[in-house]
Q: 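Quick one: this structure, given as structure tokens, is what I'll be asking you about.
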Amino acid sequence: LFGELLIENIETSEKTDMNKLDFDENLIITGFSNGYIKILNADSGICLKTISAHSNEINSLLINKNGELISGSSDNKIKIFNIKTMECRLALLGHSAAVRALAIYKHNQLISASDDKTIKVWNMKIGGCKQTLYGHSYPVTSLVINKENQLISGSLNSIKIWYINTGECLRTLEGGSSPIVQFYMN
């Protein structure tokens, strides 16, 4: 991103940083530093719905194939919402620090990365944590799943490649002095 987008609430003149943005069909979904989520019509820009989703900033948003919105926050929680009603279907608790990144694996598994230096694999149907991956020395800030169904995670000084099914770390790439905030694999 090229700087931060600042949104001003016309009713209260409150300015709030917009942290994350996701797009689904004709909707733009935004997460804010005050824990709110707004759903906007992509064509008109009209706000369709605003909810108080978390008690702290939203760091990650994604939409799964079931049309559910998933949010990760600095309140250490992950929440799964019905995107039509914006009712929270499930809250996933288990991280002891901010949730920074989310990824979906094989349709019904959610993977989360946290400032607590762990990665968790969750069952999205029942909400249980299937496994916790340890190995990063710093907060885990990014996740991606490659074509071989391996999980790649990034932190301050390393990238780790994991076999998701067993939780085995296959390789560690070290170096760098700034946090890896985002990466993309083709």
Side-chain angles (χ1 to χ4, degrees), residues 19-25 29 31 37 53-54 56-83 87-186:
N19 289 343
K20 294 294 170 188
L21 180 119
D22 204 344
F23 185 80
D24 180 45
E25 296 179 24
I29 301 167
I37 293 175
H54 290 273
N56 209 323
E57 70 182 325
I58 293 173
N59 301 313
S60 187
L61 289 171
L62 62 84
I63 297 169
N64 68 14
K65 291 183 181 180
N66 295 333
E68 294 176 310
L69 172 65
I70 305 168
S71 60
S73 171
S74 289
D75 65 7
N76 311 346
K77 296 176 186 169
I78 300 162
K79 291 188 177 179
I80 302 175
F81 296 90
N82 176 312
I83 201 155
E87 290 179 14
C88 181
R89 177 181 72 79
L90 195 58
L92 304 176
L93 310 173
H95 282 294
S96 61
V99 176
R100 295 288 172 192
L102 299 169
I104 294 186
Y105 175 66
K106 291 193 175 180
H107 191 62
N108 67 343
Q109 294 180 47
L110 177 69
I111 302 173
S112 59
S114 172
D115 282 358
D116 65 11
K117 306 174 195 169
T118 68
I119 299 162
K120 292 190 180 288
V121 181
W122 305 87
N123 180 318
M124 284 195 295
K125 288 183 181 177
I126 60 171
C129 180
K130 294 178 68 175
Q131 66 179 328
T132 301
L133 309 180
Y134 300 93
H136 281 283
S137 300
Y138 295 95
V140 186
T141 54
S142 53
L143 296 171
V144 70
I145 297 170
N146 69 13
K147 292 176 187 173
E148 289 81 36
N149 286 321
Q150 296 168 331
L151 174 68
I152 295 95
S153 59
S155 67
L156 176 65
N157 66 345
S158 66
I159 295 172
K160 292 188 177 284
I161 301 170
W162 307 83
Y163 185 61
I164 300 171
N165 292 333
T166 64
E168 175 188 2
C169 182
L170 303 172
R171 187 167 183 199
T172 299
L173 308 170
E174 293 188 6
S177 58
S178 295
I180 298 167
V181 178
Q182 198 73 264
F183 53 74
Y184 172 78
M185 288 198 59
N186 190 348

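In this text, all values refer to a predicted model and were calculated from it rather than measured experimentally. Just the heavy atoms: all of them, side chains too, but no hydrogens, waters or symmetry mates, feed the values below.
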Q: Side-chain contact, heavy-atom cut-off 4.5 Å: Ile111 with Trp122?
A: no
Q: Just by modelled atom types, is the Glu68 backbone N or O under 3.5 Å from a matching donor or acceptor in the Asn66 side chain?
A: no
Q: Testing the basics here: between Lys77 and His54, what is the closest heavy-atom pair and its distance to 0.1 Å?
A: O-CE1, 3.6 Å
Q: Before giving the answer on side chain to side chain contact (heavy atoms under 4.5 Å, CB included), spell out for Leu92 and Leu110 the whole-Å C-alpha distance, their side-chain angles and the decisive distance to 0.1 Å.
A: CA-CA 10 Å; Leu92 304 176; Leu110 177 69; 3.7 Å; yes
Q: Quick one: list whatever passes side chain to side chain contact (heavy atoms under 4.5 Å, CB included) with Ala98, sequence neighbours left out.
A: Asn59, Ser74, Arg100, Asp115
Q: State, to 0.1 Å, how close Trp162 and Gly167 come at their nearest heavy-atom pair, and which atoms those are.
A: CE3-O, 3.4 Å
Q: Decide side chain to side chain contact (heavy atoms under 4.5 Å, CB included) for Thr172 and Ile159; before the verdict, give the C-alpha distance in whole Å, the side-chain angles of both, and the deciding distance to 0.1 Å.
A: CA-CA 6 Å; Thr172 299; Ile159 295 172; over 6 Å; no
Q: Look at the side chain of Lys79 and the backbone N and O of Ala53, then say whether any donor-acceptor pair between them is shorter than 3.5 Å.
A: yes
Q: Looking at Asp116 and Ala97, what are the two nearest heavy atoms and their distance?
A: N-CB, 3.5 Å
Q: Identify, with sequence neighbours excluded, every residue that meets side chain to side chain contact (heavy atoms under 4.5 Å, CB included) alongside Asn76.
A: none
Q: Roughly how far, to the nearest 0.5 Å, is the CD1 atom of Ile63 from the OG atom of Ser71?
A: 11.5 Å
Q: Going from CG on Asn82 to CZ on Arg89, what distance comes out if it is rounded to the nearest 0.5 angstrom?
A: 9.0 Å
Q: Is there a side chain to side chain contact (heavy atoms under 4.5 Å, CB included) between Leu151 and Ile161 once you walk through the steps?
A: CA-CA 6 Å; Leu151 174 68; Ile161 301 170; over 6 Å; no
Q: Verify, without hydrogens or angle tests, whether Glu57 (side chain) and Asp75 (backbone) share a donor-acceptor contact under 3.5 angstrom.
A: no
Q: For the CG atom of Asn64 and the CG atom of Leu102, what is their distance to the nearest 0.5 Å?
A: 11.0 Å
Q: For the CZ atom of Arg171 and the CD atom of Gln150, what is their distance to the nearest 0.5 Å?
A: 10.5 Å
Q: What are the two closest heavy atoms between Val99 and Ser112, and how far apart are they?
A: CG1-CB, 4.2 Å
Q: For the residue pair Asn149 and Ile145, what are the closest heavy atoms and their distance?
A: CA-CG2, 4.0 Å
Q: Would you list the atom pairs, donor with acceptor, under 3.5 Å between side chains in residues 132-140 and any protein atom, with sequence neighbours excluded?
A:
unit_1	atom_1	unit_2	atom_2	d
Thr132	OG1	Lys120	NZ	2.9
His136	ND1	Ser155	OG	3.0
His136	ND1	Ser158	OG	3.4
His136	NE2	Ser153	OG	2.6

Q: Around atom CD of Glu87, are there more than 12 heavy atoms from other residues, nucleotides or ligands closer than 6.0 Å?
A: no
Q: To the nearest 0.5 Å, what is the distance between CD on Gln131 and OG1 on Thr166?
A: 7.0 Å
Q: Apply side chain to side chain contact (heavy atoms under 4.5 Å, CB included) to the pair Met124 and Ile70, showing each step before the final yes or no.
A: CA-CA 10 Å; Met124 284 195 295; Ile70 305 168; 3.6 Å; yes
Q: Less than 4.5 Å apart, any side-chain heavy atom of Leu69 and any of Ile29?
A: yes
